[in-house]
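Each chain gets a letter, A, B and so on, in the order the sequences are listed, and its residues count up from 1.
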Protein chains: 2
Amino acid sequence: MKKVTINSVAQYAGVSKKTVSRVLNNEPNVSPATREKVLKVFKELDYRPNPIARGLARNKSFIIGCLYDNPSKSYITRVQSGALEACHKHNYNLLIHPCELRGEALIDNIDQLLTTSRLDGLVLTPPFSDSRELIEFLKQKNINYALVASAIQDDESISVCSNDEQGAFELTEHLITLGHTDIAFIKGHPDHSATENRFNGYKRALEQHQIPLQERLVAEGNFSYHSGADSAKAILDLTPRPSAVFASNDYMAAAVLKLATQRQLRVPEDLSIAGFDNAPIARHIWPGLTTIAQPVEEMTRQAVEQLILQISEPQDTVYQCVLEARLITRESTAANH
Amino acid sequence: MKKVTINSVAQYAGVSKKTVSRVLNNEPNVSPATREKVLKVFKELDYRPNPIARGLARNKSFIIGCLYDNPSKSYITRVQSGALEACHKHNYNLLIHPCELRGEALIDNIDQLLTTSRLDGLVLTPPFSDSRELIEFLKQKNINYALVASAIQDDESISVCSNDEQGAFELTEHLITLGHTDIAFIKGHPDHSATENRFNGYKRALEQHQIPLQERLVAEGNFSYHSGADSAKAILDLTPRPSAVFASNDYMAAAVLKLATQRQLRVPEDLSIAGFDNAPIARHIWPGLTTIAQPVEEMTRQAVEQLILQISEPQDTVYQCVLEARLITRESTAANH
DNA sequence: TGACATTATGACACCGGTGTCAGATGGAGG
DNA sequence: CCTCCATCTGACACCGGTGTCATAATGTCA
């Protein structure tokens with residue numbers, strides 16, 4: 001079983017390397033007869049072009065890098081699965097690169113990654129998609145990238161996000177409609193733009209229903225289960241206790257649920273709880289969490305698809321899209337009485 | 001900012017390409033003075049060798065592929081995180097490749113992956129690590145690989161696993177010690193060797209304590225939350241109802257807990273529940289799940305580390321290791337009364 | 001001091017593709 | 001029948017490194 005290279009194909013077919021290369025890349029100016037002949041040899045010898053050699057010649061790697069720093073495992077796997085779908089469709093591969101936004105060496109780290117891996121492009125997921133410094137660096141280095149769930153408004157960046165503000169608004173309104181007025185809110189990580197967007201949606205809903213915002217009901221979390229547990233403690237210790245809690249993601253909501261149950265509070269009778277993201281845990285616990293479904297896979301899929309498009313044939317105008325978030329009601333929210 | 005290649009370094013340092021290459025690869029037979037000089041130029045020009053060119057010349061990609069087909073997101077991210085740690089330590093990168101074991105086209109799929117990506121090696125996680133067909137294929141193709149959590153006994157395969165049988169034994173014994181004799185068991189996916197190992201540990205503990213195995217208490221799951229929910233229904237409908245349930249992983253255990261709670265059963269007073277893996281969900285729900293902690297990251301880290309070692313300098317004897325699993329007791333198990 | 005082993009260095013081909021350009025071929029138009 | 005242009009094809013350099021081998025420089029020993 002010896003290696004089949006472009007040379008052996010060329011020799012076998014009785015044409016030049018270059019002609020084989022033309023057929024390989026679907027270039028014009030090859031006579032139908034020749035093309036047919038070469039294609040037949042491809043099949044016969046089971047020829048597979050060497051992507052490394054091709055990469056060297058074209059200065060491409062056919063690899064997309066995916067940057068993340070997110071405490072939620074399910075978010076990461078959803079991101080990966082969307083990215084992989086787009087990659088495989090176009091014969092790219094995905095290289096994952098978790099790293100810390102806050103590390104002083106972020107830019108160095110990415111620079112290192114780019115030079116040691118020759119990535120063709122980068123997908124930035126939150127919180128990286130909100131880092132102007134990183135985006136500036138990539139622009140200057142002329143690296144293609146796409147932003148997922150970014151708040152940055154920028155004509156030059158491929159960007160796919162979902163409507164966090166509207167989602168949070170609808171969820172809050174859902175609680176208000178159920179008769180809740182004292183609705184606690186647990187914020188996410190301050191580095192993520194989603195944190196502010198969701199908080200804004202919450203505030204807008206209160207405002208629209210003429211419910212004053214109570215600072216005492218707002219807790220600072222960071223999207224981790226642990227931070228949710230801390231916030232839950234603070235909130236459940238309040239007197240009077242709010243009748244509902246809206247956590248900025250499902251993990252923190254699950255932490256609230258756990259503490260509430262430990263304290264013998266009945267959910268939703270004594271306390272309504274809502275989350276955000278529709279993570280698996282939202283339906284794995286009892287009562288199931290009312291939440292907002294974000295199309296994470298779809299966002300990432302579209303972002304990567306556009307990124308690859310941009311790589312293969314640079315466009316002047318760049319793809320930007322906002323997908324809709326969707327309210328999912330489960331057992332954790334009920335009327336206030 | 002023009003490209004710094006080995007040629008420019010050579011020219012700048014006044015030596016040949018080859019000498020630069022020697023310094024780059026720490027080869028002997030370079031005079032200290034020359035080496036020093038070249039190293040200085042590296043710094044000065046901020047030279048980074050092009051891994052693609054190097055890959056072409058050496059027929060290497062410095063990329064490890066990670067194969068998985070596992071319903072548990074947390075398992076996957078733990079696998080990835082261990083694999084990444086080892087990869088980055090040795091300047092490799094990780095390419096992830098989820099695919100289906102059962103697809104008739106598995107071998108084709110992997111063949112395709114290998115030829116389009118030129119991976120230097122493959123980490124097989126369950127259930128792939130138990131596929132003799134795949135392993136045979138890789139051997140024949142001369143591809144380096146490492147097995148994670150495999151039951152296959154084979155002197156030629158790098159393998160790191162944990163002691164599932166013993167873990168299940170200890171967990172079952174824990175339940176028996178608490179006074180339980182009617183202990184239901186939910187099996188995992190039949191393609192995973194862990195499924196049989198865990199079941200064997202359960203049976204051995206029963207046997208050792210002279211408790212007859214009751215077929216009616218054994219349910220077939222497949223590690224998914226959904227299958228756990230189905231099994232839970234079957235088990236909780238039994239009369240008499242068992243006093244404890246041991247699910248082969250935490251997701252299925254969580255499903256049992258959810259159904260039990262929905263049916264107003266008190267856990268652990270009315271029903272003890274235990275899982276396996278120590279997935280995040282085990283501590284995110286109330287009551288927390290008694291479970292067995294598996295060192296997933298560590299297994300994968302060691303496997304990849306050995307794989308890379310094998311790639312860079314082939315060994316005659318191959319690394320094999322069994323790590324210990326550890327019982328973690330939480331609130332979901334208590335004495336039977 | 002000469003014979004020989006050892007170390008240091010560079011010239012050159014090569015990995016497996018792609019880009020450039022020149023030349024061959026064939027058909028249309030005068 | 002010749003000119004001109006469009007279409008096809010291949011020779012060759014190149015991408016940025018590594019492997020092989022010849023040769024130069026240095027050291028060792030008799």
Side-chain angles (χ1 to χ4, degrees), chain A residues 2-39 41-42 45-63 91 114-120 311-313, chain B residues 2-39 41-42 45-63 91 114-120 311-313:
Chain A
K2 65 178 194 302
K3 271 188 289 192
V4 179
T5 72
I6 197 169
N7 287 299
S8 48
V9 172
Q11 192 175 354
Y12 195 92
V15 297
S16 73
K17 276 167 73 161
K18 183 61 212 184
T19 298
V20 176
S21 169
R22 285 198 182 89
V23 174
L24 207 52
N25 295 289
N26 267 314
E27 287 175 29
N29 298 336
V30 179
S31 75
T34 309
R35 191 183 296 275
E36 206 60 39
K37 186 170 59 180
V38 173
L39 285 172
V41 176
F42 281 176
L45 302 185
D46 190 28
Y47 169 66
R48 326 266 183 112
N50 180 333
I52 298 189
R54 181 183 284 198
L56 179 59
R58 291 214 263 199
N59 200 23
K60 287 201 49 173
S61 64
F62 299 94
I63 296 178
N91 283 315
L114 289 170
T115 48
T116 64
S117 308
R118 304 280 156 151
L119 302 177
D120 289 344
I311 290 166
S312 47
E313 37 196 273
Chain B
K2 65 179 193 298
K3 271 189 287 190
V4 179
T5 72
I6 197 168
N7 288 298
S8 48
V9 171
Q11 190 175 356
Y12 195 90
V15 297
S16 73
K17 275 167 75 159
K18 183 61 212 184
T19 299
V20 175
S21 169
R22 284 196 183 92
V23 174
L24 207 53
N25 295 288
N26 267 315
E27 286 174 28
N29 298 338
V30 179
S31 75
T34 309
R35 189 181 299 274
E36 205 61 35
K37 187 169 60 183
V38 173
L39 285 173
V41 176
F42 281 177
L45 301 185
D46 190 29
Y47 169 65
R48 325 267 184 109
N50 180 332
I52 297 187
R54 183 183 284 201
L56 179 59
R58 291 214 269 209
N59 200 22
K60 287 201 52 175
S61 64
F62 298 93
I63 296 178
N91 284 314
L114 289 170
T115 49
T116 63
S117 308
R118 302 282 157 151
L119 302 178
D120 289 344
I311 291 165
S312 47
E313 37 195 273

All side chain to side chain contact (heavy atoms under 4.5 Å, CB included) counterparts of [X], not counting sequence neighbours:
| X | answer |
| --- | --- |
| Ala10(B) | Val20(B) |
| Pro51(A) | Arg118(B) |
| Glu36(A) | none |
| Tyr47(B) | Val4(B), Ile6(B), Val9(B), Leu24(B), Phe42(B), Pro49(B) |

Review item, nucleotides 10-17 of chain C N/O atoms under 3.5 Å of protein N/O:
unit_1	atom_1	unit_2	atom_2	d
dG10(C)	OP2	Ser16(B)	N	3.0
dG10(C)	OP2	Ser16(B)	OG	3.2
dG10(C)	OP2	Thr19(B)	OG1	2.6
dG10(C)	N7	Arg22(B)	NH1	3.4
dG10(C)	O6	Arg22(B)	NH2	2.6
dG16(C)	OP1	Lys3(A)	NZ	3.0
dG16(C)	N2	Ala53(A)	O	3.4
dG17(C)	OP1	Tyr47(A)	OH	3.1
dG17(C)	OP1	Asn50(A)	N	3.2
dG17(C)	OP2	Ile6(A)	N	2.6
dG17(C)	OP2	Tyr47(A)	OH	3.4
dG17(C)	O5'	Tyr47(A)	OH	3.0
dG17(C)	N7	Lys17(A)	NZ	2.9
dG17(C)	O6	Lys17(A)	NZ	2.9

Taking atom [atom2] of [N] as reference, at what distance in whole Å does atom [atom1] of [X] sit?
| X | N | atom1 | atom2 | answer |
| --- | --- | --- | --- | --- |
| Glu36(B) | dA8(C) | CD | P | 15 Å |
| Asn29(A) | dA22(C) | CG | P | 16 Å |
| Glu27(B) | dG19(D) | CD | C1' | 9 Å |
| Lys37(A) | dT9(D) | NZ | P | 8 Å |

> Hey, what bend do you get for the helix from dT1(C)-dA30(D) to dG30(C)-dC1(D) if you fit axes on five pairs at each end, rounded to 10°?
Replying inline: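 The angle, to the nearest 10 degrees, is 50°.
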> Listed by chain and number, what are the salt bridge (Lys or Arg N to Asp or Glu O under 4.0 Å) partners of Arg35(A), not counting sequence neighbours?
Replying inline: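 So Arg35(A) forms no salt bridge (Lys or Arg N to Asp or Glu O under 4.0 Å) with any residue.
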>> The test is side-chain contact (heavy atoms from CB on, under 4.5 Å); show your working for Ile63(B) and Asp120(B) and say whether it passes.
In response: CA-CA 6 Å; Ile63(B) 296 178; Asp120(B) 289 344; 5.9 Å; no
>> For Lys17(B), give me all partners under side-chain hydrogen bond (donor to acceptor under 3.5 Å, both in side chains), at least two apart in sequence or on another chain.
In response: none
>> Among residues at least two apart in sequence or on other chains, which ones pass side-chain hydrogen bond (donor to acceptor under 3.5 Å, both in side chains) with Thr5(A)?
In response: none
